Amino acid sequence: MINVNGERHPWHAGLSITRLLQEKNYVFPMIIVQINGAHVHEERYADTMVRDGDDVAVIHLITGG
Amino acid sequence: MKIYLNEKKVTVTPGAKVAELVKKHKPGADLCILNGFPCLMEHTVAANDRVVLIEKGKRPSKRELEHLLAARHTPGVHARLKKACVGIAGCGGLGSTAAMALARAGVGTLIIADFDVVEPSNLNRQQYYVDQIGEAKVDALAGNIRRANPYVQVVKHRVRIVRQNVKALFRDADVVIEAFDRADQKLMLADAMLDLLPKTPLVIGNGMAGYGANDLLRTRRVGNLHICGDEASEAGHGFGLMAPRVGACALLQANQALEILLGPDPRITRSEIRNPIPR
(Lines give C-alpha, C1' and ligand atoms only; values in the text may rest on other atoms or scores of the structure.)
Protein backbone atom coordinates (compact mmCIF):
# COMPACT_ATOMS: atom_id res chain seq x y z
CA MET A 1 0.00 0.00 0.00
CA ILE A 2 1.24 3.51 -0.81
CA ASN A 3 0.02 6.99 0.01
CA VAL A 4 -0.97 9.30 -2.87
CA ASN A 5 -1.95 12.83 -1.82
CA GLY A 6 -2.94 11.47 1.59
CA GLU A 7 -5.09 8.62 0.20
CA ARG A 8 -4.18 4.94 0.29
CA HIS A 9 -3.52 3.31 -3.06
CA PRO A 10 -2.63 -0.37 -3.72
CA TRP A 11 1.01 -1.07 -4.57
CA HIS A 12 2.22 -3.73 -6.97
CA ALA A 13 5.58 -4.71 -8.43
CA GLY A 14 6.62 -2.61 -11.41
CA LEU A 15 4.63 0.44 -10.34
CA SER A 16 6.28 3.35 -12.16
CA ILE A 17 5.21 6.97 -11.85
CA THR A 18 3.78 6.77 -15.36
CA ARG A 19 1.73 3.72 -14.39
CA LEU A 20 0.58 5.28 -11.12
CA LEU A 21 -0.60 8.44 -12.89
CA GLN A 22 -2.60 6.21 -15.29
CA GLU A 23 -4.12 4.25 -12.40
CA LYS A 24 -5.11 7.47 -10.62
CA ASN A 25 -6.34 8.93 -13.93
CA TYR A 26 -4.08 11.95 -13.39
CA VAL A 27 -3.95 12.91 -17.04
CA PHE A 28 -3.45 16.67 -16.69
CA PRO A 29 -0.27 18.08 -18.22
CA MET A 30 0.94 20.55 -15.56
CA ILE A 31 2.03 18.44 -12.62
CA ILE A 32 4.78 18.16 -10.04
CA VAL A 33 5.52 14.72 -8.58
CA GLN A 34 7.41 14.09 -5.36
CA ILE A 35 8.20 10.74 -3.76
CA ASN A 36 8.93 10.99 -0.03
CA GLY A 37 9.64 14.69 -0.56
CA ALA A 38 12.08 14.17 -3.47
CA HIS A 39 11.25 15.84 -6.78
CA VAL A 40 10.91 13.54 -9.80
CA HIS A 41 11.48 15.11 -13.22
CA GLU A 42 8.97 14.43 -15.96
CA GLU A 43 11.50 12.64 -18.16
CA ARG A 44 12.05 10.13 -15.32
CA TYR A 45 8.37 9.19 -14.77
CA ALA A 46 8.63 6.02 -16.87
CA ASP A 47 11.73 4.58 -15.16
CA THR A 48 11.12 5.80 -11.58
CA MET A 49 9.64 2.96 -9.53
CA VAL A 50 7.40 3.55 -6.53
CA ARG A 51 8.27 1.30 -3.57
CA ASP A 52 5.76 -0.22 -1.18
CA GLY A 53 5.06 2.25 1.62
CA ASP A 54 6.13 5.34 -0.34
CA ASP A 55 4.44 8.67 0.15
CA VAL A 56 3.67 10.20 -3.25
CA ALA A 57 2.49 13.78 -3.75
CA VAL A 58 1.08 14.91 -7.07
CA ILE A 59 0.41 18.61 -7.46
CA HIS A 60 -1.75 19.67 -10.37
CA LEU A 61 -0.93 23.28 -11.24
CA ILE A 62 -3.84 25.25 -12.59
CA THR A 63 -4.27 28.67 -14.17
CA GLY A 64 -5.32 31.70 -12.16
CA GLY A 65 -3.65 34.41 -10.18
CA MET B 1 11.33 50.81 36.70
CA LYS B 2 12.20 50.94 33.00
CA ILE B 3 9.74 50.87 30.12
CA TYR B 4 10.10 51.56 26.40
CA LEU B 5 8.19 54.70 25.44
CA ASN B 6 8.05 55.31 21.68
CA GLU B 7 11.12 53.03 21.46
CA LYS B 8 13.12 55.04 24.00
CA LYS B 9 14.04 53.56 27.35
CA VAL B 10 12.57 55.73 30.12
CA THR B 11 12.32 55.38 33.88
CA VAL B 12 8.86 55.61 35.39
CA THR B 13 7.57 55.17 38.94
CA PRO B 14 5.98 51.79 39.62
CA GLY B 15 2.19 52.07 39.37
CA ALA B 16 2.35 54.84 36.76
CA LYS B 17 -0.70 55.13 34.53
CA VAL B 18 -0.65 55.81 30.78
CA ALA B 19 -2.32 59.19 31.33
CA GLU B 20 0.66 60.30 33.45
CA LEU B 21 3.08 59.24 30.72
CA VAL B 22 1.11 61.29 28.22
CA LYS B 23 1.24 64.36 30.45
CA LYS B 24 4.95 64.06 31.02
CA HIS B 25 6.30 62.75 27.70
CA LYS B 26 3.78 63.34 24.90
CA PRO B 27 1.13 65.96 25.66
CA GLY B 28 -1.72 65.74 23.15
CA ALA B 29 -1.40 61.98 22.60
CA ASP B 30 -4.86 60.37 22.51
CA LEU B 31 -4.00 56.79 21.57
CA CYS B 32 -1.84 54.35 23.49
CA ILE B 33 -0.59 51.04 22.05
CA LEU B 34 0.72 48.73 24.77
CA ASN B 35 2.78 45.73 23.63
CA GLY B 36 1.10 45.79 20.23
CA PHE B 37 -2.50 46.36 21.33
CA PRO B 38 -4.49 49.51 22.21
CA CYS B 39 -5.13 50.22 25.88
CA LEU B 40 -6.99 52.77 27.99
CA MET B 41 -5.38 55.88 29.48
CA GLU B 42 -6.20 54.51 32.97
CA HIS B 43 -4.04 51.43 32.36
CA THR B 44 -1.13 50.88 34.76
CA VAL B 45 2.15 50.05 33.02
CA ALA B 46 4.55 47.30 34.12
CA ALA B 47 8.33 46.99 33.86
CA ASN B 48 9.67 46.44 30.31
CA ASP B 49 6.33 47.31 28.69
CA ARG B 50 6.51 48.74 25.20
CA VAL B 51 4.30 51.79 25.07
CA VAL B 52 3.66 53.83 21.94
CA LEU B 53 1.80 57.12 22.34
CA ILE B 54 0.19 58.56 19.21
CA GLU B 55 -1.60 61.82 18.57
CA LYS B 56 -4.37 60.95 16.12
CA GLY B 57 -4.52 63.05 12.98
CA LYS B 58 -1.06 64.49 13.51
CA ARG B 59 1.55 63.73 10.90
CA PRO B 60 4.59 62.37 12.68
CA SER B 61 8.10 63.43 11.77
CA LYS B 62 10.03 61.05 9.54
CA ARG B 63 12.20 60.16 12.51
CA GLU B 64 9.16 59.14 14.57
CA LEU B 65 7.24 57.35 11.84
CA GLU B 66 8.96 53.98 11.76
CA HIS B 67 8.23 52.97 15.34
CA LEU B 68 4.70 54.36 15.13
CA LEU B 69 4.08 52.16 12.07
CA ALA B 70 5.39 49.20 14.04
CA ALA B 71 3.35 49.95 17.17
CA ARG B 72 0.80 47.18 16.54
CA HIS B 73 3.39 44.52 15.88
CA THR B 74 4.06 42.14 18.71
CA PRO B 75 7.41 43.04 20.30
CA GLY B 76 10.13 40.71 19.01
CA VAL B 77 8.16 39.59 15.96
CA HIS B 78 8.79 42.81 14.10
CA ALA B 79 12.54 42.69 14.70
CA ARG B 80 12.69 39.23 13.12
CA LEU B 81 10.57 40.16 10.11
CA LYS B 82 12.65 43.28 9.55
CA LYS B 83 15.65 41.04 8.83
CA ALA B 84 13.71 38.80 6.43
CA CYS B 85 13.60 38.85 2.63
CA VAL B 86 10.65 37.54 0.61
CA GLY B 87 10.73 37.11 -3.17
CA ILE B 88 7.54 37.67 -5.15
CA ALA B 89 7.43 36.13 -8.63
CA GLY B 90 4.79 38.06 -10.56
CA CYS B 91 2.97 41.24 -9.51
CA GLY B 92 -0.62 40.50 -10.53
CA GLY B 93 -3.62 39.57 -8.38
CA LEU B 94 -1.62 37.28 -6.11
CA GLY B 95 1.72 39.12 -6.07
CA SER B 96 0.49 42.68 -5.59
CA THR B 97 -1.85 41.64 -2.76
CA ALA B 98 0.70 39.44 -0.98
CA ALA B 99 3.36 42.16 -1.33
CA MET B 100 1.19 44.84 0.26
CA ALA B 101 0.33 42.57 3.21
CA LEU B 102 3.97 41.61 3.79
CA ALA B 103 5.03 45.25 3.57
CA ARG B 104 2.42 46.25 6.15
CA ALA B 105 3.55 43.35 8.35
CA GLY B 106 7.05 44.83 8.28
CA VAL B 107 9.05 42.34 6.20
CA GLY B 108 12.37 44.15 5.73
CA THR B 109 13.11 43.35 2.09
CA LEU B 110 10.82 42.42 -0.78
CA ILE B 111 12.18 41.31 -4.16
CA ILE B 112 9.46 41.93 -6.75
CA ALA B 113 9.69 40.78 -10.37
CA ASP B 114 7.30 41.24 -13.30
CA PHE B 115 7.70 42.28 -16.95
CA ASP B 116 4.25 43.74 -17.51
CA VAL B 117 2.50 47.11 -17.24
CA VAL B 118 -0.70 47.96 -15.38
CA GLU B 119 -3.70 47.78 -17.75
CA PRO B 120 -7.40 48.40 -17.07
CA SER B 121 -8.49 44.75 -16.78
CA ASN B 122 -6.01 44.27 -13.91
CA LEU B 123 -7.93 46.59 -11.62
CA ASN B 124 -10.73 44.08 -10.91
CA ARG B 125 -8.39 42.24 -8.52
CA GLN B 126 -4.89 43.72 -8.42
CA GLN B 127 -3.63 46.36 -5.98
CA TYR B 128 -3.23 49.18 -8.51
CA TYR B 129 -5.18 52.34 -9.25
CA VAL B 130 -6.61 54.03 -12.36
CA ASP B 131 -3.88 56.67 -12.35
CA GLN B 132 -1.24 53.89 -12.56
CA ILE B 133 -2.49 52.46 -15.89
CA GLY B 134 0.50 52.21 -18.23
CA GLU B 135 3.13 52.15 -15.45
CA ALA B 136 5.38 49.12 -15.09
CA LYS B 137 3.81 46.94 -12.41
CA VAL B 138 7.04 46.76 -10.40
CA ASP B 139 7.26 50.58 -10.34
CA ALA B 140 3.58 51.00 -9.43
CA LEU B 141 3.79 48.33 -6.72
CA ALA B 142 7.02 49.74 -5.28
CA GLY B 143 5.29 53.14 -5.10
CA ASN B 144 2.24 51.69 -3.33
CA ILE B 145 4.45 49.81 -0.86
CA ARG B 146 6.34 53.03 -0.12
CA ARG B 147 3.06 54.80 0.63
CA ALA B 148 2.09 52.09 3.13
CA ASN B 149 5.49 51.42 4.70
CA PRO B 150 8.46 53.47 3.49
CA TYR B 151 10.87 51.39 5.60
CA VAL B 152 10.56 48.30 3.40
CA GLN B 153 13.50 47.86 1.06
CA VAL B 154 12.05 46.99 -2.35
CA VAL B 155 14.31 45.34 -4.91
CA LYS B 156 12.48 45.51 -8.23
CA HIS B 157 13.21 43.63 -11.43
CA ARG B 158 11.27 44.52 -14.57
CA VAL B 159 11.92 41.24 -16.31
CA ARG B 160 10.11 38.17 -17.58
CA ILE B 161 10.92 35.39 -15.16
CA VAL B 162 12.38 32.35 -16.91
CA ARG B 163 14.21 29.28 -15.64
CA GLN B 164 17.54 30.90 -16.56
CA ASN B 165 17.11 33.92 -14.24
CA VAL B 166 15.27 32.33 -11.29
CA LYS B 167 18.43 31.71 -9.28
CA ALA B 168 19.87 35.18 -9.84
CA LEU B 169 16.55 36.86 -8.95
CA PHE B 170 15.72 34.93 -5.80
CA ARG B 171 18.97 33.60 -4.33
CA ASP B 172 18.79 36.12 -1.44
CA ALA B 173 15.14 35.38 -0.58
CA ASP B 174 14.28 33.41 2.57
CA VAL B 175 10.93 32.47 1.00
CA VAL B 176 9.56 32.89 -2.53
CA ILE B 177 5.90 33.47 -3.37
CA GLU B 178 4.76 32.13 -6.74
CA ALA B 179 2.28 34.65 -8.10
CA PHE B 180 1.85 33.89 -11.78
CA ASP B 181 -1.40 33.56 -13.66
CA ARG B 182 -0.70 30.70 -16.05
CA ALA B 183 -0.23 27.06 -15.04
CA ASP B 184 2.77 26.51 -17.34
CA GLN B 185 4.55 29.45 -15.66
CA LYS B 186 3.76 28.08 -12.20
CA LEU B 187 5.24 24.73 -13.25
CA MET B 188 8.34 26.41 -14.71
CA LEU B 189 9.00 28.24 -11.43
CA ALA B 190 8.31 25.23 -9.21
CA ASP B 191 10.64 23.05 -11.31
CA ALA B 192 13.35 25.72 -11.35
CA MET B 193 13.14 26.36 -7.60
CA LEU B 194 13.23 22.62 -6.77
CA ASP B 195 16.30 22.19 -8.98
CA LEU B 196 18.23 25.44 -8.44
CA LEU B 197 17.20 26.74 -4.99
CA PRO B 198 15.97 23.55 -3.31
CA LYS B 199 16.41 24.89 0.22
CA THR B 200 14.19 27.93 -0.36
CA PRO B 201 10.52 27.37 0.49
CA LEU B 202 8.13 28.18 -2.39
CA VAL B 203 4.55 29.22 -1.63
CA ILE B 204 2.31 28.52 -4.63
CA GLY B 205 -1.14 29.98 -5.37
CA ASN B 206 -3.18 27.20 -6.94
CA GLY B 207 -6.91 27.37 -7.69
CA MET B 208 -8.86 30.50 -6.77
CA ALA B 209 -11.22 31.37 -9.67
CA GLY B 210 -14.80 32.46 -8.93
CA TYR B 211 -16.24 33.53 -5.59
CA GLY B 212 -17.33 32.04 -2.26
CA ALA B 213 -16.44 28.52 -1.04
CA ASN B 214 -14.15 29.91 1.65
CA ASP B 215 -13.92 26.49 3.28
CA LEU B 216 -12.16 25.04 0.23
CA LEU B 217 -9.26 27.51 0.38
CA ARG B 218 -6.47 25.91 2.35
CA THR B 219 -2.71 25.30 2.52
CA ARG B 220 -1.00 21.97 1.91
CA ARG B 221 2.70 21.39 2.43
CA VAL B 222 4.71 18.98 0.30
CA GLY B 223 8.37 19.18 1.26
CA ASN B 224 9.48 22.74 0.55
CA LEU B 225 6.39 23.50 -1.53
CA HIS B 226 3.49 25.16 0.25
CA ILE B 227 0.35 25.10 -1.89
CA CYS B 228 -2.42 27.62 -1.17
CA GLY B 229 -5.85 27.63 -2.82
CA ASP B 230 -8.53 25.05 -3.58
CA GLU B 231 -6.30 23.23 -6.14
CA ALA B 232 -9.32 22.83 -8.42
CA SER B 233 -10.96 26.08 -9.61
CA GLU B 234 -9.11 26.88 -12.82
CA ALA B 235 -9.60 30.31 -14.37
CA GLY B 236 -10.81 30.30 -17.93
CA HIS B 237 -13.46 31.67 -20.29
CA GLY B 238 -16.64 32.15 -18.28
CA PHE B 239 -14.88 31.44 -14.98
CA GLY B 240 -13.06 34.63 -14.09
CA LEU B 241 -10.88 35.79 -11.25
CA MET B 242 -12.34 38.17 -8.66
CA ALA B 243 -10.69 40.34 -6.06
CA PRO B 244 -12.02 38.60 -2.91
CA ARG B 245 -11.09 35.00 -3.75
CA VAL B 246 -7.78 35.81 -5.46
CA GLY B 247 -7.04 38.16 -2.58
CA ALA B 248 -7.91 35.47 -0.02
CA CYS B 249 -5.50 33.07 -1.73
CA ALA B 250 -2.77 35.74 -1.91
CA LEU B 251 -3.19 36.47 1.80
CA LEU B 252 -3.01 32.74 2.59
CA GLN B 253 0.32 32.81 0.75
CA ALA B 254 1.54 35.88 2.65
CA ASN B 255 0.39 34.35 5.93
CA GLN B 256 2.17 31.10 5.12
CA ALA B 257 5.33 33.06 4.34
CA LEU B 258 5.18 34.61 7.83
CA GLU B 259 4.79 31.18 9.41
CA ILE B 260 7.79 29.91 7.47
CA LEU B 261 9.86 32.93 8.58
CA LEU B 262 8.77 32.96 12.22
CA GLY B 263 7.75 29.37 12.93
CA PRO B 264 4.21 28.47 14.03
CA ASP B 265 2.56 31.12 16.20
CA PRO B 266 2.61 29.59 19.69
CA ARG B 267 -0.34 31.73 20.79
CA ILE B 268 -2.77 30.15 18.32
CA THR B 269 -4.46 27.01 19.60
CA ARG B 270 -5.92 24.42 17.28
CA SER B 271 -9.11 23.33 18.96
CA GLU B 272 -11.82 21.43 17.12
CA ILE B 273 -14.34 23.60 15.33
CA ARG B 274 -17.51 23.63 17.41
CA ASN B 275 -19.87 25.39 15.04
CA PRO B 276 -19.12 24.33 11.47
CA ILE B 277 -20.99 26.36 8.89
CA PRO B 278 -23.69 24.15 7.27
CA ARG B 279 -23.42 23.95 3.49
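Computed from a predicted model, the values in this text were never measured in an experiment. Here is how names work: the chains are called A, B, and so on, in the same order as the sequence lines, proteins then strands, and each is numbered from 1.
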Counting only heavy atoms not in A/Tyr26, do more than 12 fall under 6.0 Å of its OH? yes
With only heavy atoms counted, which part of B/Ile227 is less than 4.5 Å from chain A, the side chain, the backbone, both or neither? side chain
Counting only non-hydrogen atoms closer than 4.5 Å, does B/Val246 touch chain A with its backbone (N, CA, C, O), its side chain (CB onward), both, or neither? side chain
Where is the tightest heavy-atom contact between A/Leu61 and B/Ala183, given as atom of each residue plus distance? O-CB, 3.4 Å
Would you find more than 12 non-hydrogen atoms of other residues, nucleotides or ligands less than 6.0 Å from A/Glu43 atom CD? yes
What distance do A/Gln34 atom CD and B/Leu194 atom CG have between them, rounded to the nearest 0.5 Å? 5.5 Å
Does any heavy atom of chain A fall under 4.5 Å from the side chain of B/Ala250, the backbone, both, or neither of them? neither
Counting neighbours of CZ on B/Arg218 that are heavy atoms of other residues, nucleotides or ligands and sit closer than 6.0 Å, is the number greater than 12? yes
Assess whether atom CD of A/Glu42 is packed by more than 12 heavy atoms of other residues, nucleotides or ligands within 6.0 Å. no
dist B/Arg220:CZ -> A/Asn5:CG (nearest 0.5 Å) comes out at 4.5 Å
When rounded to the nearest 0.5 angstrom, what is the spacing between CD1 in A/Ile62 and CG in B/Asp230? 6.0 Å
Heavy-atom closest contact (A/Gly64 atom, B/Ala235 atom, distance): CA-CB, 3.9 Å
If you tally heavy-atom pairs under 4.5 Å against chain B, which of A/Ile59, A/Ile32, A/Asn36 wins? A/Ile59
More than 12 heavy atoms of other groups within 6.0 Å of B/Lys167 NZ: no
CE/A/Met30 to CD/B/Gln185 distance, rounded to the nearest 0.5 angstrom? 9.5 Å
Answer yes or no: does atom CZ of A/Arg44 have more than 12 heavy-atom neighbours from other residues, nucleotides or ligands under 6.0 Å? no
In terms of heavy-atom proximity below 4.5 Å to chain B, should A/Val58 be classed as side chain, backbone, both, or neither? backbone
Looking at every heavy atom in both B/Glu234 and A/Thr63, which two are closest together, and how far apart are they? OE2-N, 2.8 Å
Can you say whether B/Ser233 sits under 4.5 Å from chain A via the side chain, the backbone, both, or neither, judging by heavy atoms? backbone
With rounding to the nearest 0.5 angstrom, report the CG to NE2 distance, B/Asp191 to A/His41. 6.0 Å
